[in-house]
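Data block below; observations after.
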Amino acid sequence: MPSTMKVWRVNGKQLHELPASKVDLESQLEDWIEHDLSLIGLDALVIGRQVHTDYGGFIDLLAINEQGQLSVIELKRSKTPREVVTQCLDYGCWIHDRSMESVLAIYENYCGRSLSSEFSKFFNVPLPEEIDPAYQMIIVAETLDDVSERIVRHLSDVHQVNINAVFFNVFDFDGSRLLARSWLTDPEEVQERSSQGRKQKWTGYLFVNTGITDDNYRHWDLNQQYQFISAGGGPRWINAIKKLNPGDKIFAYIKGNGYVGYGIVEEEAVPVGEYAVGGVKILDKLPEDSPWQHAKDPSQDEWLVKVNWMQTVPESQAKWFPGAFANQNVVCKIRDQNTADYLIKEFRVAECTSD
């Protein structure tokens with residue numbers, strides 16, 4: 001049965017289903033997604049729109065992530081559901097052998113700028129020398145028919161193809177419109193399956209970048225005192241910190257120093273103005289000149305995740321060894337077993353677990 005999406009408004013003990021809007025959604029989705037890839041769960045940079053392939057087709061949106069992996073984003077539009085699945089696979093064949101030179105040309109044709117320069121600004125790391133041969137395909141639609149859903153699930157589940165579908169619907173509510181999103185398959189599961197054989201098994205621990213530097217307002221002492229990890233400055237970083245869930249086991253990292261703490265997430269991310277410990281808001285304890293005192297925009301301001309720090313060390317005693325895993329991302333999985341073993345020993349994780 002095709003996936004459908006419904007939304008209800010809660011009014012006391014009563015539920016009232018919201019009517020779906022008649023807005024022409026798919027005509028606007030491409031603009032919205034091009035402007036903000038986080039709508040479809042991507043931390044990536046758009047490098048082309050309506051990209052012409054050698055096979056005569058046009059990719060709606062093409063993006064690249066920090067690892068140099070390309071993503072094909074295809075909107076169903078007036079195409080039949082089966083056509084859009086076939087089209088995605090055809091585009092996948094085309095991008096599989098793309099060279100970095102061809103990707104540079106695609107980006108320059110898209111916006112007239114250098115991809116190397118824009119990539120470094122966006123990800124804060126140099127552009128990879130080569131394109132990652134792995135790629136992913138995302139179908140964007142209001143709905144798919146059951147046959148197409150079956151095909152996408154089969155490709156993902158059985159053949160480990162990194163393909164998924166994301167559904168959007170608009171609902172009317174009190175004179176406003178709400179945009180709702182759902183996935184055909186959990187994107188984390190799709191990514192895991194498609195990476196089998198290419199990536200090391202996940203150790204069960206997460207790397208979290210504290211974002212602390214010598215010249216910003218974040219301080220590790222504050223993280224320890226008020227039991228949190230945080231991120232802010234824009235949707236990319238905020239959406240990343242929002243991925244942390246209660247029970248997640250994390251190692252906190254300070255760039256240039258090393259790992260400074262092991263903890264377990266207790267609560268999901270909230271804006272800094274809502275964060276409290278023991279019923280006391282953190283803003284009530286911070287000085288008036290703290291940038292967090294002027295938080296006004298949830299899409300830019302700091303978001304805090306409550307963490308039970310099991311073991312911490314001062315920044316000056318950060319744990320590190322040559323070759324240890326580190327990453328520019330806010331949150332990612334630690335797959336390097338040597339790093340995990342080292343951190344488990346240094347932060348006495350086994351003792352924390354037995355307490």
- Message: I'd like to know whether CD of Glu130 has more than 12 heavy-atom contacts from other residues, nucleotides or ligands below 6.0 angstrom.
- Response: no

- Task: Using the six-membered ring wherever Trp is involved, compare the ring planes of Tyr253 and Trp320 and label them parallel, tilted or perpendicular (cut-offs 30° and 60°).
- Result: tilted

- Is there side-chain contact between Thr339 and Phe321, with heavy atoms separated by less than 4.5 Å? yes

- CZ on Phe325 to CG on Asp336, rounded to 0.5 Å: 8.0 Å

- Message: Could you check whether any side-chain heavy atom of Phe167 comes within less than 4.5 Å of a side-chain heavy atom of Leu144, counting everything from C-beta outward?
- Response: yes

- Query: Is Met137 close to Glu74 at the side-chain level, that is, under 4.5 Å between some pair of heavy atoms?
  - Reply: no

- Query: Do Val349 and Lys249 come within less than 4.5 Å of each other through their side chains, counting heavy atoms only?
  - Reply: no

- Task: Can you measure from CD1 (Ile282) to CD (Gln227) and round to the nearest 0.5 angstrom?
- Result: 11.0 Å

- Message: Testing the basics here: between Ser116 and Leu104, what is the closest heavy-atom pair and its distance to 0.1 Å?
- Response: OG-CD2, 4.1 Å

- Message: Ignoring hydrogens and geometry beyond distance, is a side-chain donor-acceptor pair present between Asp341 and Gln337 at under 3.5 Å?
- Response: yes

- Item | Option from Asp60, Val140, Leu39 for which side chain to side chain contact (heavy atoms under 4.5 Å, CB included) with Leu29 holds | Val140

- Heavy-atom pair of closest approach, residues Val7 and Ala180: CG2-CB, 4.4 Å

- Does any donor atom in the side chain of Asp54 or Trp94 lie under 3.5 Å from an acceptor atom in the other side chain? yes

- Message: How long is the straight-line distance from CG of Leu37 back to OG of Ser71, given to the nearest 0.5 Å?
- Response: 8.0 Å

- Item | Spacing of Thr203 atom OG1 and Asn338 atom CG [to the nearest 0.5 Å] | 11.5 Å

- Note on the structure: Output for pair (Arg150 CZ, Leu155 CG), nearest 0.5 Å, gives 12.5 Å

- Query: When the ring planes of Trp309 and Trp220 are compared, do they come out parallel, tilted or perpendicular, using 30° and 60° as the limits?
  - Reply: perpendicular

- Given side chains that start at C-beta, do those of Asn223 and Val260 come closer than 4.5 Å, heavy atoms only? no

- Task: Flag the pair Arg153 and Asp146 as a salt bridge only when some basic side-chain nitrogen lies within less than 4.0 angstrom of an acidic carboxylate oxygen.
- Result: no

- Without swapping roles, check the side chain of Asn245 against the backbone of Lys243 for a donor-acceptor pair under 3.5 Å. yes

- Evaluate the side-chain proximity of Gln136 to Leu42: yes if any heavy-atom separation is below 4.5 Å, no if none is. yes

- Going hydrophobic residue to hydrophobic residue with side-chain gaps under 4.5 angstrom, can you get from Tyr275 over to Val208? no

- Task: Taking atom CD of Glu188 as the centre, report whether more than 12 heavy atoms of other residues, nucleotides or ligands fall under 6.0 Å from it.
- Result: no

- Item | Rounded distance (nearest 0.5 Å) linking atom CD of Glu268 with atom NZ of Lys242 | 10.0 Å

- Query: Quick check: does any side chain N or O of Asp301 sit under 3.5 Å from a backbone N or O of Lys296, one acting as donor and the other as acceptor?
  - Reply: yes

- Message: Filter on side chain to side chain donor-acceptor pair (under 3.5 Å), then keep only pairs touching residues 277-290, sequence neighbours left out; what's left?
- Response: none

- Query: Do other residues, nucleotides or ligands put more than 12 heavy atoms under 6.0 Å from His35 NE2?
  - Reply: no

- Query: Taking the six-membered ring of Phe171, is NZ or CZ of Arg9 closer than 6.0 Å to its centre and within 45° of its axis?
  - Reply: no

- Message: Using a 3.5 Å distance criterion without hydrogens, assess whether the side chain of Gln160 forms a donor-acceptor pair with backbone atoms of Asp157.
- Response: yes

- Message: Under a plain distance cut-off of 3.5 Å, with no hydrogens placed, do Ser176 and Asp174 share a side-chain donor-acceptor pair?
- Response: no

- Query: Are any non-hydrogen side-chain atoms of Ile47 and Leu70 less than 4.5 angstrom apart?
  - Reply: yes

- Query: What class does the angle between the rings of Phe251 and Phe347 fall in, given that below 30° is parallel, 30 to 60° is tilted and above 60° is perpendicular?
  - Reply: tilted

- Message: Could you check whether any side-chain N or O of Glu34 sits under 3.5 Å from a backbone N or O of Leu61, counting only pairs where one atom can act as donor and the other as acceptor?
- Response: no

- Query: Between the side chain of Asp132 and the main-chain N/O of Gly68, is any donor-acceptor distance below 3.5 Å?
  - Reply: no

- Message: A side-chain contact here means heavy atoms from C-beta on lying under 4.5 Å apart; do Tyr91 and Leu62 qualify?
- Response: no

- Does Trp303 use its side chain to pair, donor to acceptor, with the backbone of Pro298 at less than 3.5 Å? yes

